[in-house]
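Please read the structure below before turning to the comments.
Chain letters run A, B, ... following the sequence lines, proteins first, then strands; residues in each count from 1.
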Amino acid sequence: MPELPEVETVRRALLPAMQGRKITAAFVGRDDLRWPLPPDLADRITGRHVAGLDRRAKYILIRLSGDEVLLLHLGMSGSVRIHHTPPQLAKHDHVMVEMAPDATGQPAFVVFRDPRRFGWIDLFSATAESQHKLLANLGPEPLGNEFSPAYLAACLKTRTGPIKTVLLNQQLVAGLGNIYVSEALFRAGISPRRRASSIRGVRADRLATAIIDTLRAAIADGGTSLRDHVQPGGDIGYFVQRLAVYGRAGEPCPTCAAPVQSLVQAGRRSFYCSHCQR
DNA sequence: CTCCTGACCTGAGTGC
DNA sequence: TGCACTCAGGTCAGGA
């Protein structure tokens, strides 16, 4: 479900609810999601303060006092909701943390829901972060300084697969998923079937810019709500209204009005305009 | 290395 | 209503 913009939306919403506050209680409703949860997770985070919240690719990193890091990945169907009174937990609400009241006396209850349980949670020492199996091999952040047209062009140069599947590789660029790859390729006017190594020069520049612009616009709208994603405050992600091609097979291309096409590549659906994207 | 498939899991939607 | 089937925003392990 959640790609970079949705995860960033969650992080930003969690800031006021968690940053600088103490975890006063934690509930963990099962012992595994995609993988086993850390043993004694609830006990190990209760009583700690939240020093900060970062995002890396599609992971949220909650920095706790005592140099511990609580890592959260939302998988396909994960979502986070913030409540200010004790919520009634539903079937797929697996974890809840209660935060000490803020300056106005308002507590916060942060609930992690994940019906398909493709998400995961880990807890580890901050010193182990750079070697963490899930973090160590991630490529640069597309909205960070390391990502540039030159970097992208260098990555694509040796890749023989279609650009659609190459851009889903988190080791090259971290945080893109199925929605934003389709949208960025549309913005760049590049066909999802095009061999990655054939994208050079101006086309690579245009693609890098399209990736950045698409992600920024989606973050500004609170992400894209299709099925599961809601912002932690309960709002939908409004970028769904701006999708040009994703999920719109048969509808008119917003540029040329030709019907949007779709195909499956490496098991994932792609959407594109065969007239505007070459 | 790179590329693809299958696996993990539930729920929503569709067609009969 | 019910059943069978397909598909869904991710990514890892395993094999070619």
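If you take CZ of A:Phe118 and P of B:dT10, they are 9 Å apart, rounded to a whole angstrom. In this structure, NE2 of A:His73 is placed 8 Å from P of C:dG10, rounded to the nearest angstrom. Atom-to-atom, CG of A:Asp114 to P of B:dG11 comes out at 11 Å; the value is rounded to the nearest Å. Rounded to whole Å, the distance from CG on A:Leu135 to C1' on C:dC12 is 15 Å. Residue A:Ile179 contributes atom CD1, which lies 10 Å from atom C1' of C:dA8 at whole-angstrom precision. Rounded to whole angstrom, the span from the CH2 atom of A:Trp35 across to the P atom of B:dC9 amounts to 13 Å. Nucleotide C:dT11 holds its P atom 13 Å from the CG atom of A:Asn137, rounded to whole Å. Per the geometry, CG belonging to A:Leu172 stands 11 Å off C1' belonging to B:dT2, to the nearest Å.
Side-chain N/O atoms of A:His92 include one lying less than 4.0 angstrom from OP1 or OP2 on B:dG11. Taking side-chain N and O atoms only, A:Gln170 has no distance below 4.0 Å to OP1 or OP2 of C:dG10. A:Ser77 has no side-chain polar atom (N or O) that falls below the 4.0 Å cut-off from OP1 or OP2 of B:dG11. For the OP1/OP2 pair of B:dC3 and a distance below 4.0 Å, the side-chain nitrogens and oxygens of A:Lys164 include no atom meeting the criterion. The phosphate of B:dG11 (OP1 or OP2) has a side-chain N or O of A:Lys91 nearer than 4.0 angstrom.
For A:Arg116 against B:dC9, a side-chain N or O and a base N or O form a donor-acceptor pair under 3.5 Å. Between the side chain of A:Arg117 and the base of B:dT10, no donor-acceptor pair of N or O atoms lies under 3.5 Å.
The existence of a salt bridge linking A:Arg12 and A:Glu8 is confirmed by a sub-4.0 Å separation between a basic side-chain nitrogen and an acidic carboxylate oxygen. A salt bridge between A:Glu141 and A:Arg56 is present, with a side-chain N of the basic residue lying under 4.0 Å from a carboxylate O of the acidic one. Salt-bridge formation is not detected for the pair A:Asp54/A:Arg11: no Lys NZ or Arg NE/NH1/NH2 atom is positioned less than 4.0 Å from an Asp or Glu carboxylate oxygen.
You'll find the ring centres of A:Phe109 and A:His84 outside the 6.0 Å limit.
Classified by interplanar angle (parallel below 30°, tilted 30° to 60°, perpendicular above 60°), the ring pair A:Trp35/A:Trp120 is tilted.
Exactly one of A:Asp221, A:Thr214, A:Thr224 qualifies for a side chain to side chain donor-acceptor pair (under 3.5 Å) with A:Arg242. That residue is A:Asp221. Partner of A:Asp93 under the salt bridge (Lys or Arg N to Asp or Glu O under 4.0 Å) criterion, chosen from A:Arg30, A:Arg113, A:Arg81: A:Arg113.
Nucleic acid contact for A:Tyr246: sugar-phosphate only, since backbone atoms but no base atoms lie under 4.0 Å from a heavy atom of the residue. A:Thr224 comes within 4.0 angstrom of a nucleotide base, judged by non-hydrogen atoms across all strands. Contact annotation for A:Tyr59: backbone-only contact, meaning every heavy-atom pair under 4.0 Å involves sugar-phosphate atoms and none involves a base.
A:Asn137 CG to A:Leu172 CG: the interatomic distance, rounded to the nearest 0.5 Å, is 11.5 Å.
Checking A:Gly267 against A:Asn169, the closest nucleotide of DNA chain B that is more toward the 5' end is the one next to A:Asn169. Nucleotides of DNA chain B nearest to A:Val166 and A:Arg34 differ in position, and the one nearer the 5' end is that of A:Val166.
Stem list for DNA chain C (at least 3 consecutive Watson-Crick or G-U pairs, distances under 3.5 Å): B:2-8 with C:10-16, B:10-16 with C:2-8.
Which of C:dC12, C:dG10, C:dA8 sits closest to the side chain of A:Leu134 comes down to C:dC12. Closest to the A:Arg159 side chain, of the nucleotides C:dG10, B:dT2, C:dA13, is B:dT2. Of the candidate nucleotides C:dA8, B:dT10, C:dT11, C:dA8 has the atom nearest to the side chain of A:Arg269.
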